[in-house]
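Below you'll find the structure, written out as structure tokens, and then a few comments.
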2 protein chains.
Amino acid sequence: MIGAMEDVRRDDVRRDDVRRDEAVRGLEHEIGRLLRRVRRGLTDRAAQVDPELNATAYPLLATLAEFGPHRASDLADMFALDKGAVSRVVHQLLELDLIERTPDPKDGRASILSVTSKAQARLALMVEARREEFGARLSGWEPEKIDELAQGLARFNAVISD
Amino acid sequence: MIGAMEDVRRDDVRRDDVRRDEAVRGLEHEIGRLLRRVRRGLTDRAAQVDPELNATAYPLLATLAEFGPHRASDLADMFALDKGAVSRVVHQLLELDLIERTPDPKDGRASILSVTSKAQARLALMVEARREEFGARLSGWEPEKIDELAQGLARFNAVISD
DNA sequence: AGTCATGGTTGTATTTTGCAACCATTTAGT
DNA sequence: ACTAAATGGTTGCAAAATACAACCATGACT
């Protein structure tokens, strides 16, 4: 009797697993769409901030803007990029006056990279342009629904991140 | 009187807009995290399918696997990639026996690209490995919640696409 | 002090990309 | 039906991005 009950419970768990797998498949599907879409828009947004910016430099800059000052090696880690490549991109961004570098007081080897006010202004303009572009489309969405989606993604991010 | 009432209503709309802006900012924050994370894992997954696969060829292959056969120019559009670049990647994938090409019956110029059974098997193995990796972490999530997130993303994708 | 790890720069070879020219085929205009 | 323009695809070429390794300076650990 008890054995049969355990079988039923195990079947329930299995069925739940299958449904979860399907749900995850659907989620990955949407993430893929999002990824492709963002990838398409990346070059445009980068150009909007500065015509000289390429598809690698822009995400680095955006990361510094969003998460605050970081070291070059942090960026290399975040993007799984060669530190040599990061070094060159950093020099480009310095040349464009989009980031600035200050010595790390805690570590004589390192420098802290932060966005300049120029970059902040450019990014703000870009965000504003995007907001106007999407404003009409998003107007049908209640802020609560958007929050809900953001929170769901946050949970998902937490789950999949080490 | 009526003028005052309209002012109040307009104020409500403005306040809603501000809240929506904040919500969108939060959403973009999470999307950024997600994309960075996915980007980091991309190379690994590509290598899991085939060691020769680079970070560009894999998304193309995955797209063919998910959305079915497409023409090279479709892929170029989807990824905003130069058609020359796509052409070369396609040849690599053909060489690796991961995709196959058949003439388009509707258009003498075009070819239809589709994944081979070999690629399907490799992709299935990769998905399985990922599922095992995330299985434990996702086990705390009810399938309904995952579906909810996927549907939210789907709506968002629909909103921001063309 | 001595060894090793880490942050960063630079040289070099390889890969990837974008642009343009080109061919074959299809579509549009008249 | 005939020409002109557009589209799918390949290839050559030059510019760019990247990985890899060597290297220097600093810091951490023993």
Side-chain angles (χ1 to χ4, degrees), chain A residues 36 39-47 50-64 69-96 98-114, chain B residues 36 39-44 46-47 50-61 63-64 67-96 98-114:
Chain A
R36 272 183 292 276
R39 198 166 161 154
R40 273 182 49 177
L42 212 67
T43 320
D44 301 336
R45 276 181 292 169
D50 194 305
E52 305 291 327
L53 236 51
N54 63 27
T56 309
Y58 171 70
L60 261 55
L61 182 66
T63 299
L64 285 180
H70 281 275
R71 296 178 305 176
S73 56
D74 293 334
L75 295 177
D77 280 347
M78 290 189 211
F79 289 92
L81 222 60
D82 187 70
K83 61 180 181 172
V86 171
S87 176
R88 288 175 231 267
V89 172
V90 163
H91 281 284
Q92 291 174 20
L93 290 173
L94 286 171
E95 199 63 35
L96 292 170
L98 293 174
I99 66 174
E100 53 196 358
R101 191 161 49 167
T102 59
D104 186 343
K106 306 242 176 193
D107 189 334
R109 298 166 296 178
S111 294
I112 307 285
L113 306 173
S114 51
Chain B
R36 268 186 293 277
R39 196 169 160 152
R40 275 183 51 175
L42 214 65
T43 319
D44 301 335
D50 193 305
E52 305 290 328
L53 237 51
N54 63 27
T56 309
Y58 170 71
L60 261 55
L61 181 66
T63 298
L64 284 179
F67 295 96
H70 280 275
R71 296 178 305 177
S73 56
D74 293 335
L75 295 178
D77 280 347
M78 290 188 212
F79 288 92
L81 221 60
D82 186 71
K83 60 180 183 173
V86 171
S87 176
R88 288 174 231 268
V89 171
V90 163
H91 282 285
Q92 291 174 20
L93 290 172
L94 286 170
E95 198 62 35
L96 292 170
L98 292 174
I99 66 174
E100 54 197 358
R101 191 161 48 167
T102 59
D104 186 345
K106 307 243 177 193
D107 190 335
R109 298 166 299 180
S111 294
I112 307 286
L113 307 172
S114 51

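Lettering follows sequence order; numbering is per chain, from 1.
The shortest distance between the side-chain N/O atoms of B:Ser73 and the OP1/OP2 oxygens of D:dT7 is not below 4.0 Å.
Taking atom CZ of B:Arg88 as the reference point, atom C1' of D:dG12 lies 8 Å away to the nearest angstrom. Per the geometry, CG belonging to B:Leu113 stands 14 Å off C1' belonging to D:dT10, to the nearest Å. Look at NE2 on B:His91: it is 6 Å from C1' on D:dT10, rounded to the nearest Å. What separates CG of A:Asp104 from C1' of D:dG27 is a distance of 12 Å, to the nearest Å. Rounded to whole Å, atom C1' of D:dA16 lies 14 Å from atom CG of A:Leu53. Between the CE atom of B:Met78 and the C1' atom of D:dG8 there is a distance of 15 Å, given to the nearest Å.
Comparing A:Val86 and A:Arg109 by the nucleotide of DNA chain C whose heavy atom lies nearest to each, the residue mapping closer to the 5' end is A:Arg109. Residue order along DNA chain D, read from the 5' end via each residue's closest nucleotide, puts B:Asp77 first among B:Gly84 and B:Asp77. Projected onto DNA chain C by closest heavy-atom contact, A:Ala110 and B:Leu81 fall at different nucleotides, the more 5' of which corresponds to A:Ala110.
Protein chain B touches strand DNA chain C; the 5'-most and 3'-most nucleotides with an atom under 4.0 angstrom of its non-hydrogen atoms are C:dT16 to C:dT26.
Salt bridge annotation for A:Asp107-A:Arg109: present, with a cationic side-chain nitrogen under 4.0 angstrom from a carboxylate oxygen.
Here the CG-CG distance, from A:Leu98 to A:Leu61, works out to 5.5 Å after rounding to the nearest 0.5 Å.
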